[in-house]
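What follows is one structure encoded as structure tokens, with my remarks underneath.
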Amino acid sequence: MAKVRARAESERRDPIQVCFNSQTPLVQFLAPSDGLSGPDWGSSIDLAQLREGVDYRFSPGGVTRMVYPLIRTLVAEEALADAHWVSLNPAAPKTVRIPGLTLHNVALPADRMGGYGKAKEAIWSTVHGLEMADDASDLFWTEEFAEYAFYNRISSERIRALDADEDFDLFYIHDFQQLPVGEMIGSLKPKIFRWHIPFEAHRIPENWRATLVRYLDAYDLVVVSCEAYGRGLRDLGYRGEIRRLYPYVDPDEYSRPPALEVGQVCRELGIRSDDQVVLVVARMDPAKGHDRAIRALAELRPSHPRLRLVLVGNGSFSSARGGVGLPKSALWRSHLEAEAKRLGVAERVIFTGHVSQHILDCLYERCQFTILPSINEGFGLVVVESWLHERPAIVTDRAGVAELIRDGTNGLLFDPDDPDALKSQMRRLLASRRSSAHAMARRAAETAGQCVIGTAARAERDLISEAVEG
Amino acid sequence: MLTLPAWSLPYIFAAVIVAFTALIAWIVGLVVRGAMGQSAPQVAQGARRLATVAVWVVGVLLAVQEIGISVDVLLVVLALVGVAAILACRQSLENFGAKYFSEVYTPFKVGDSIEVGPFAGKVIEINAISTVLLSSDDRLLAVPNSMILREGLVNVSPQAWKELTIPISVPGNRDIAPLENEVMKSLGKLRPRLDKRFPPVLTTRARTPQSTDLILTVMIRRPEDRDPLLAEVNKRVHAAIERTRMSVVPAPSPAPEAAPPS
């Protein structure tokens, strides 16, 4: 009863003023297709005046996919006042207004972007267990890291300037690119940090540990995507508050298109009606392990000649021309195309690049199952998307979402280091009776309930209230 | 030919003296800054300000005398007020001065555990008069800053000997991102002498429209390097401040509405 009263009290409180911060912006502005210089966006603009798909697009990726529905929901519930969101967006107006939200775009000078990109890629690769550069353990002493610090400092200064006007109640900082912001803004107000990528202490070089702990200590609360990452932070030596909150999506953003539309999309992509379609939705990045799926496809081809692998996604904001501009997405795709050719399955692999939500929904509906083949994955929201479409998923056991999967019950797991594991699980699913595959998909759809905005918004609201209340 | 009235000549001479004073003050400032290149930036800035003010005081007194006003009485009044102020606030001034010097030269900061004479505890505040400690039995201890300078202190925080803290004060409109970037790049060259687990950290201590007070912290590897490293770090910080002198934060202006692109 006391809890109910406390909840009712908290619901009557004034809306909380939150400043969100992430590297990836919610909205990316599109350059003209003729390659000429883009329009002058001016310093402030209302997004309603522009056309989605022509002037701008919503950034793909987990962080923006989570944060925007969260803001929308909590602002609609009046738990939050109109929010502010600071992110890196050089080719954009200084501010963009959306109902309930103002986006503040930070511009990093072009001559600093390369160094910043290298430093954050070094952190990303190390944390994901990818091959580490020889000097990565000295990263914090490099000129690249000085640019990383520069970017974080200008973000922090922007947040401080906004705070002087808005007097925020809380700062909610997202992901490793922004880790130093908590310390740099130096405010006594509560700060939450959401760590989105994997975290295993044994992957962190000795020379990084004290600095990471110092940055983390600047926050009142660190949110991780699964229990294992919380244990990783403890192993590193972080003694502050840690909460586990599964990432989430808004189910209303997904639809189940009718068969006619699915058929049309498949025809355009060259998928035949008798093809057995397996879907991988992941940006083009070596950490995503597309090569493992291609090798498994090649090995299964003699027994399943109609098997087709559809790879959806291109670069992240890091690879975007208007973003950080790193070439890794294009390089990885070329490598995968060469690998498919070498294994003799080039015509069985379809690279779609970035697709609209409608086409993605059609592909989920068309596929038999999905694969998340990542070498290491912070969580894996695409698995939740697959579940919402009632498609079972074969998931790397190095993804945060693996914590929710009971092998053979609501999905299948595999070890990405075992060369035969993915192939075996694909064979298992391809050989299973239709009814048992459906049962698995239904149970997976139930599991997805733990990763949707309705459930998560309540948890986030409590988390935010708790941080503000101290 | 233009002839100036006789009464105007003293005023013209006074104006010339003021102009000369400005020039000399500027030159003296440059000389002091160059001479103190290896001192803590805050000390160098204080010395420069003191030297400049001294030149201006002399210059203004000469200019005032030039226009026929006797400065003798003014000097006597100033001296008496000064002596009275020193006598009245001797204790406070002693503590204030001690705070200034301990800030720059004494190796402790808020958060450290220290022992001063009979007192021991964690530093939770350093103000103009005293350093406030929280003892292990939850009591607040106010140790006069002058006592710290007189009696000395023991910093018992782990690895305290490694830490070099350099206070930096820059104008309030200075953009600190380029300064931090320059400092980090420059100190990267000293990394063989520094503890690699702790890269340089610049933290903001106080901000006003007039000035931003920062603290640079670096960790040394060997105790015997402490003195030369302190001088070298100070030199590099001075250079970074100079290189980023032109980086200022633009004054805020209302954002004009932009029309959507055609």
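Fair warning: this is a prediction, and the values are worked out from it, not measured in the lab.
With a 4.5 Å cut-off on non-hydrogen atoms, A:E183 touches chain B through its side chain but not through its backbone. At a 4.5 Å heavy-atom cutoff, the contact between B:D195 and chain A is made by backbone atoms alone. The contact between A:R214 and chain B is made entirely by side chain atoms (from C-beta outward), counting heavy-atom distances below 4.5 Å.
The number of heavy atoms from other shown groups lying within 6.0 Å of CH2 (B:W161) is above 12. More than 12 heavy atoms of other residues, nucleotides or ligands lie within 6.0 Å of NZ in A:K189, so this atom counts as buried by the packing criterion. Counting non-hydrogen atoms of neighbouring residues, nucleotides and ligands closer than 6.0 angstrom, the CZ atom of A:R209 exceeds 12 such neighbours.
Contact between A:A146 and B:M184 at its shortest, heavy atoms only, is CB-CB, 4.0 Å. Pairing each heavy atom of A:W141 with each of B:F198, the nearest pair is CZ2-O, 3.5 Å. Scanning both residues, A:F150 and B:P178, for their nearest heavy atoms gives CE1-N, 3.6 Å.
For the atom pair A:L139 CG and B:K196 NZ, the distance stands at 13.0 Å (nearest 0.5 Å). Going from atom CD of A:E147 over to atom NZ of B:K185 covers 4.0 Å, rounded to the nearest 0.5 Å.
Of the listed residues (B:V183, B:L187, B:L194), the one with the most heavy-atom contacts under 4.5 Å to chain A is B:L194.
With B:N181 as the partner, the side chain to side chain donor-acceptor pair (under 3.5 Å) test is satisfied by one option alone out of A:R112, A:R153, A:E143: A:R112.
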